[in-house]
Every structure is written in structure tokens, then in C-alpha cells.
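All remarks here apply to the structure that follows.
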Amino acid sequence: VSTFLDLLSRARDEHQAISVYADESEPNKYEVGFVESFDHRQLILRALTPRGESDGRHLIKIQDIHRIDTQTAYAARLMLLNEYRDIVFNEESHVVGAPDDMAGILGLAKELGHVVSLLDAEGYGPSGFVREIAADFVELQRLNSKGMPDGIAVLRLDAIDRITVNTRDEQVLAFLYRYHFEWERKLES
């Protein structure tokens with residue numbers, strides 16, 4: 001227990017997000033957030049969503065904690081999103097379902113530099129920036145979950161069931177891409 005208390009103290013003092021595992025019935029389930037306060041009985045964690053947004057305060061009994069992860073890439077990503085949350089998200093977010101004019105919607109997304117997700121009937125598909133649009137195909141610069149380029153995807157338009165454009169998840173990808181590839185390069189030069 002004293003090791004956990006030392007980790008919590010350090011995380012609080014350094015304002016570092018941590019992952020706390022405290023559910024014995026689901027050992028891989030965890031909460032990520034900032035240590036707000038703690039004592040030998042309980043921890044109050046200011047939790048974060050996977051998008052870095054505030055997810056309220058979670059009271060966790062110290063005796064239930066079986067693992068704490070610190071300094072992970074995932075927690076660093078959430079801290080970054082949380083720090084810049086006011087510029088990550090905008091209210092132009094919208095979802096477009098079964099569009100009649102997919103090429104027009106994709107063209108506008110390309111023009112505005114919005115990230116899109118091209119989803120099949122099951123809700124799966126790549127996300128990224130539209131590169132090219134043809135009469136029956138679209139080429140996408142894929143982004144992985146960290147906003148990093150992840151190859152090219154070429155999809156038939158008739159295989160796309162739904163397009164989402166600039167939703168919160170896509171805004172996160174666009175922010176991470178800009179952070180890694182535009183802002184860092186400007187800072188380096």
C-alpha cells in the first residue's frame with residue numbers, strides 16, 4: 001500500500017495522469033485521470049474520457065487498487081488532449097448518414113481539411129483525410145488512433161454505408177495529426 005501511496009503522491013505533485021486498476025472482476029478495466037486527493041483509505045481521481053475530456057470524479061478505495069500505471073503513452077495522449085481541449089473541439093461537428101451525394105460531402109471535407117470516417121454497415125472503416133475522389137472511388141490518407149499517418153485506403157463509394165465528418169473522435173485525430181506534424185515542425189524551425 002505504501003508504494004501505491006508514493007505513486008499517487010508523485011502523480012499528484014507532478015500533475016501526471018495515471019491509470020488505476022481497481023476492479024478484481026475485470027482485471028483489465030481501468031480509469032485514467034489526475035489524482036485530486038487521497039489518503040490511506042480512498043483516492044479521488046479526476047477521470048478523463050478517451051478523448052481527454054473531463055469524466056467527473058471517481059472515488060476509489062485504496063484497498064481495491066491492484067495496479068497503477070504511470071507515464072504511459074496513452075495517459076500522455078489524454079493529458080495532451082485535456083490540456084488543449086478548448087482548441088481540439090469545435091461545434092461544427094456533424095454526422096452524415098447515408099448521403100445521396102457522397103462525392104460532394106467528401107469534396108467539402110477535403111476542402112475544409114476535416115477528418116472523415118468511411119463506415120460499412122457494421123460501423124467499421126478507416127478514418128483520415130480525403131486525398132482523391134473519383135466517380136466511384138475515394139482515396140483516404142489513413143490516420144491511426146494516435147493521429148499518425150497509417151497508409152492509404154481506397155474504397156468503392158458503393159461499399160460505404162455511412163460517412164462521419166468532423167465528429168469529436170475525428171476532431172481528436174485531426175488535433176493529434178496537427179500537433180505531431182504541423183506544430184512540432186514549426187517549433188523545430
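Residue numbers start at 1 and run along the sequence shown. Just so it is clear, the structure is predicted and the values come from calculations on it, not from any experiment.
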* Asked: Does E36 come within less than 4.0 Å of R12, counting only side-chain N to carboxylate O?
  -> no
Donor-acceptor pairs under 3.5 Å, side chain of residues 134-146 to any protein atom, not counting sequence neighbours: which ones?
from : atom 1 : to   : atom 2 : distance (Å)
E139 : OE2    : R131 : NE     : 2.8
E139 : OE2    : R131 : NH2    : 3.3
Q141 : NE2    : G151 : O      : 3.1
N144 : OD1    : K146 : N      : 2.8
N144 : OD1    : G147 : N      : 3.2
N144 : OD1    : M148 : N      : 3.1

* Give a yes or no on this: more than 12 heavy atoms of other residues, nucleotides or ligands lie within 6.0 Å of atom CD of Q71. => no
* **Side-chain heavy atoms of T164 within contact of L119, under 4.5 Å** => yes
* CZ on R67 to CG on L7, rounded to 0.5 Å -> 12.5 Å
* Test log, rule side chain to side chain contact (heavy atoms under 4.5 Å, CB included), inputs V32 and D69 -> CA-CA 9 Å; V32 176; D69 289 350; over 6 Å; no
* Asked: Could you give the distance from CZ (F4) to CD1 (I65), rounded to the nearest 0.5 Å?
  -> 6.5 Å
* Is the shortest heavy-atom distance from the side chain of I60 to the side chain of L45 under 4.5 Å? -> yes
* Nearest-0.5 Å distance that lies between atom CD1 in I18 and atom CD in E14 -> 11.5 Å
* **Working for side chain to side chain contact (heavy atoms under 4.5 Å, CB included), residues R51 and N82** => CA-CA 8 Å; R51 296 179 184 132; N82 183 262; over 6 Å; no
* To do: Enter the distance from D64:CG to Q42:CD here, rounded to the nearest 0.5 Å.
  => 11.5 Å
* To do: With the side chain counted from C-beta on, respond yes when L5 and F38 share a heavy-atom pair under 4.5 Å apart, and no when they do not.
  => yes
* To do: Measure the shortest side-chain to side-chain distance between R168 and E53 over non-hydrogen atoms and say whether it is less than 4.5 angstrom.
  => yes
* Structure fact -> Output for pair (I160 CD1, I163 CD1), nearest 0.5 Å, gives 5.5 Å
* Asked: To the nearest 0.5 Å, what is the distance between CG (D120) and CZ (R162)?
  -> 9.0 Å
* Structure fact -> Between V115 and A174, the two heavy atoms sitting closest are CG2-CB, 3.6 Å
* T49 and side-chain contact (heavy atoms from CB on, under 4.5 Å): which partner among D55, L81, L78? -> D55
* **Step-by-step side-chain hydrogen bond (donor to acceptor under 3.5 Å, both in side chains) determination, T70 to Q16** => CA-CA 8 Å; T70 63; Q16 294 292 313; over 6 Å; no
* Any side-chain heavy atom of I62 sitting closer than 4.5 Å to one from H40? -> no
* Asked: Side chains of I44 and H58: closer than 4.5 Å at any heavy-atom pair?
  -> no
* To do: Measure up the Y177 and F129 rings against each other and bin them: parallel (under 30°), tilted (30 to 60°), perpendicular (over 60°).
  => perpendicular
* Are any of the side-chain heavy atoms of V165 and I105 separated by less than 4.5 Å? -> yes
* Regarding T167 and D169, is there a side-chain donor-to-acceptor distance under 3.5 Å anywhere? -> no
* Asked: Are E31 and S19 close enough that a side-chain donor and a side-chain acceptor fall under 3.5 Å?
  -> no
* Check the hydrophobic clustering (I, L, V, M, F, W, Y; side-chain heavy atoms under 4.5 Å; chains of links allowed) and say if I87 and Y179 are grouped together. => yes
* **L43/V20 under side chain to side chain contact (heavy atoms under 4.5 Å, CB included): CA gap, chis, key distance, verdict** => CA-CA 10 Å; L43 158 68; V20 178; 4.0 Å; yes
* Partners of D13 by salt bridge (Lys or Arg N to Asp or Glu O under 4.0 Å), sequence neighbours excluded? -> none
* Asked: side chain to side chain contact (heavy atoms under 4.5 Å, CB included) between D161 and L118: does it pass, once the steps are laid out?
  -> CA-CA 8 Å; D161 185 65; L118 307 177; over 6 Å; no
* To do: Please work out which of the three classes, parallel, tilted or perpendicular, describes the rings of H15 and F34, given edges at 30° and 60°.
  => parallel
* Asked: Heavy atoms, side chains only, cut-off 4.5 Å: are H66 and E24 in contact?
  -> yes
